[in-house]
Amino acid sequence: MFTNRLGATLDASNVRKVWYTLQERVDAPRARLHDARHMHLSLLVANGVDVRTVADRAGHSDTTLTTRLYSHAFDAQRRRAAIPLDDLLGE
């Protein structure tokens, strides 16, 4: 997931140590790095970014997986889409 300047993959345990150290320094609640990924993708969906772009960002080859994993984040979009027919027709 993370590489050094030469492109070699960093050791996951070292990445986790740095991640948790940074959280402690800013007195943030402890959260996994995966939680940050999930929050980022959920916020993209909630802010109207199209599912193909979110899937690409997540590394998902199929938008079906993205839609299933982040279905909760689509709630805001569903609410925004609940527009009365009169408003849609401009009446």
Checklist entry - What distance do Arg25 atom CZ and Thr21 atom OG1 have between them, rounded to the nearest 0.5 Å? => result 6.5 Å

Checklist entry - At their closest point, which heavy atom of Val51 faces which heavy atom of Phe74, and how far apart are they? => result CG2-CZ, 3.9 Å

Checklist entry - Can you tell me how far the CG atom of Asp62 sits from the CZ atom of Arg68, to the nearest 0.5 Å? => result 9.0 Å

Checklist entry - Should we say atom CZ of Arg57 is surrounded by more than 12 heavy atoms from elsewhere, each under 6.0 Å from it? => result no

Item to check | Check: Asp56/Thr53 side-chain N/O donor and acceptor closer than 3.5 Å | outcome: no

Checklist entry - Hey, is the main chain of Ala58 close enough, under 3.5 Å, to the side chain of Arg37 for a donor-acceptor pair? => result yes

Checklist outcome for this item: CG (Leu44) and NE2 (His40) are apart, to the nearest 0.5 Å, by 4.0 Å

Item to check | Hphob cluster co-occupancy, Tyr70 + Val49, side-chain heavy atoms under 4.5 angstrom | outcome: yes

Item to check | Gap separating the OG1 atom of Thr63 from the CZ atom of Arg52, nearest 0.5 angstrom | outcome: 6.0 Å

Next on the checklist: Show the nearest heavy-atom pair for residues Trp19 and Ala31, with the distance to one decimal.
Outcome noted: NE1-O, 2.7 Å

Item to check | Rounded distance (nearest 0.5 Å) linking atom CG of Leu69 with atom CG of Leu41 | outcome: 9.5 Å

Next on the checklist: With side-chain contact (heavy atoms from CB on, under 4.5 Å) as the criterion, how do Phe2 and Asn14 come out once you've worked through the C-alpha distance, each side chain's angles and the decisive distance to 0.1 Å?
Outcome noted: CA-CA 11 Å; Phe2 296 102; Asn14 289 335; over 6 Å; no

Checklist entry - Is there a donor-acceptor pair closer than 3.5 Å between any side-chain N or O of Asn4 and the backbone N or O of Gly7? => result yes

Next on the checklist: Quick one about Arg32 and His38 (side-chain donor to acceptor, distance below 3.5 Å, no hydrogens or angles considered), yes or no?
Outcome noted: no

Checklist entry - Between Ala73 and Ser42, what is the shortest heavy-atom contact and its length? => result CB-O, 3.5 Å

Checklist outcome for this item: Tightest non-hydrogen contact, residues Thr3 and Leu10, listed as C-CG, 4.0 Å

Next on the checklist: Can you confirm whether Tyr20 sits close enough to Val15 that some side-chain heavy atom of one is under 4.5 Å from a side-chain heavy atom of the other?
Outcome noted: no

